[in-house]
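The chains referred to below are lettered A, B, ... by the order of the sequence lines, with proteins before strands, and numbering in each begins at 1.
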Number of protein chains: 2
Amino acid sequence: MAENVAPVRARNAAATRQAILDAAKSRFAKEGYDGASLREIAADARVDAALVSRYFGSKEELFVEVLNCGPDATELFQGELSQFGERVADKLMDDPDRQDGLDHLLIMLRSASSPAAAEPLRRSMRTWFHDPFAAYLGGPEADVRARLAGDLIMGVAISRAITDDHDLDVEGQAALRRRLAKVIQAAIEP
Amino acid sequence: MAENVAPVRARNAAATRQAILDAAKSRFAKEGYDGASLREIAADARVDAALVSRYFGSKEELFVEVLNCGPDATELFQGELSQFGERVADKLMDDPDRQDGLDHLLIMLRSASSPAAAEPLRRSMRTWFHDPFAAYLGGPEADVRARLAGDLIMGVAISRAITDDHDLDVEGQAALRRRLAKVIQAAIEP
DNA sequence: TGTAAAAGTCATCAACCGTTGACTTGGGCG
DNA sequence: CGCCCAAGTCAACGGTTGATGACTTTTACA
């Protein structure tokens with residue numbers, strides 16, 4: 001018993017930093033800014049808690065870094081505009097674990113109540129979601145249409161995250177998917 | 001200097017209890033279940049913090065009590081069905097302080113990330129919002145239509161609560177209100 | 001190989017949280 | 001008036017959080 005435990009990862013600042021960022025992103029998405037503790041994040045990343053503060057300075061700076069590091073939603077803003085509703089509806093009604101593109105949305109809703117997180121959230125939302133969305137839509141009142149459709153998407157994502165869809169049967173979900181696609185399309189139409 | 005401070009309120013269990021409930025409702029709506037502390041709530045109600053635990057047993061029980069005490073949203077579910085979109089859009093775009101009917105929605109979104117609050121939230125949402133809404137709508141797939149429209153309303157309420165509307169000018173807000181009314185109506189149409 | 005800096009760990013701090021038990025104060029009833 | 005129970009207060013608890021400084025281990029270079 002010379003070496004007591006596995007080293008988990010070779011000493012590599014960049015890799016460790018990334019591991020912390022990944023763990024933080026996941027935790028923030030699941031529990032929000034306040035709910036996620038640095039100790040949990042550090043445990044997920046197999047790292048001492050003190051190292052997180054050391055690498056990122058403070059929890060808020062880590063949060064900003066997480067928000068700025070991954071766009072993730074831009075993949076939605078490619079392809080036929082007329083099929084946008086269908087695409088997003090499919091994505092939203094997928095099983096929650098596959099919603100990579102919606103991590104930031106989840107972070108947003110779960111951290112909405114934290115004053116410390118509010119300002120970074122606003123900025124990130126605008127940069128990574130709203131502005132690209134409005135540019136993708138184009139046409140008159142693009143910002144209003146993007147805002148409305150974005151709010152709808154966020155509302156549905158929240159609802160799914162909260163209710164776990166225990167209250168809708170299979171055909172109910174199918175009906176919701178159809179209707180959702182239609183309404184999203186109506187929201188972005190000029 | 002015999003009496004050192006104002007008694008604030010005559011000794012009255014019912015009134016004190018109600019004052020705590022009001023303060024809790026407001027705090028939960030502003031900061032969510034985790035963010036609102038019993039000490040803050042007690043201070044708002046001009047009451048010692050210990051009294052809150054004494055009256056309601058625990059923070060979670062107080063939360064449940066707040067959720068169960070006021071429906072508040074039923075007023076939306078009265079009047080012409082064809083005007084529903086207009087009515088809700090007006091309500092949503094009002095200044096945030098006047099959104100009495102949406103307090104529970106705010107509480108819901110701000111507390112979405114707290115495991116302790118999740119189950120009471122689901123129950124309350126269903127009882128006080130979704131079910132009456134579906135009953136009000138009627139017709140085929142009433143639950144799906146209620147769910148979708150509810151998600152849209154929640155998303156818009158969240159968005160407004162977060163962004164403070166610093167990013168939309170006056171005519172932008174007017175355009176958003178028009179479009180919102182239209183999309184809500186589309187969401188509830190059979 | 002020797003060494004200095006980077007990478008990671010440990011112990012600890014002050015602040016805040018929800019909750020509890022012992023205490024003091026007040027008002028209504030005999 | 002005097003009592004007594006309800007209403008309200010105070011101080012303290014164990015636990016958790018974010019953050020910091022001193023410490024040890026590893027890596028890489030001369």
If you compare every side-chain N and O of B/Thr16 against the phosphate oxygens of D/dA7 (OP1, OP2), does one of them come in below 4.0 Å?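 Looking at the OP1 and OP2 atoms of D/dA7, neither is under 4.0 Å from any side-chain N or O of B/Thr16.
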Between B/Asp151 and B/Arg147, does at least one N-O distance fall below 4.0 Å, as a salt bridge requires?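 Looking at B/Asp151 and B/Arg147, the cut-off is met.
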Step by step, work out the side chain to side chain contact (heavy atoms under 4.5 Å, CB included) result for A/Tyr33 and A/Arg110. CA-CA 7 Å; A/Tyr33 178 79; A/Arg110 306 226 118 113; over 6 Å; no
Is there a donor-acceptor contact under 3.5 Å from the side chain of B/Thr127 to the main chain of B/Arg123?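 Yes: the side chain of B/Thr127 pairs with the backbone of B/Arg123.
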Any donor-acceptor pair under 3.5 Å from A/Ser26 side chain to A/Asp22 backbone: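 No.
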Atom [atom1] of [X] and atom [atom2] of [N]: how far apart are they, to the nearest Å?
| X | N | atom1 | atom2 | value |
| --- | --- | --- | --- | --- |
| B/Arg27 | C/dC17 | CZ | C1' | 15 Å |
| B/Arg17 | D/dA6 | CZ | P | 16 Å |
| A/Leu51 | D/dT25 | CG | P | 17 Å |
| B/Asn12 | D/dA6 | CG | C1' | 12 Å |
| B/Phe63 | C/dC17 | CZ | C1' | 17 Å |
| A/Phe56 | D/dT20 | CZ | P | 15 Å |
| B/Ile20 | D/dA7 | CD1 | P | 12 Å |
| A/Leu62 | D/dT17 | CG | P | 15 Å |

What nucleic acid atoms does [X] come within less than 4.0 Å of, heavy atoms only: base, sugar-phosphate, or nothing?
| X | value |
| --- | --- |
| A/Ala42 | nothing |
| A/Ala36 | sugar-phosphate |
| A/Tyr55 | sugar-phosphate |

For the side-chain contact (heavy atoms from CB on, under 4.5 Å) test, which of A/Arg27, A/Glu61, A/Lys25 pairs with A/Val66?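 Among A/Arg27, A/Glu61, A/Lys25, the one that satisfies the side-chain contact (heavy atoms from CB on, under 4.5 Å) with A/Val66 is A/Lys25.
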Let me have a per-nucleotide readout for nucleotides 19-30 of chain C, 5' to 3', with B, S or -, counting only protein heavy atoms under 4.0 Å. BBBB--BS----
Are side-chain heavy atoms of B/Leu76 and B/Arg87 found at a separation under 4.5 Å?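 Not touching, per the 4.5 Å side-chain cut-off.
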Salt bridge (Lys or Arg N to Asp or Glu O under 4.0 Å), that's the test. Do A/Glu40 and A/Lys30 meet it? Break it down for me. CA-CA 12 Å; A/Glu40 283 176 340; A/Lys30 268 183 227 144; over 6 Å; no
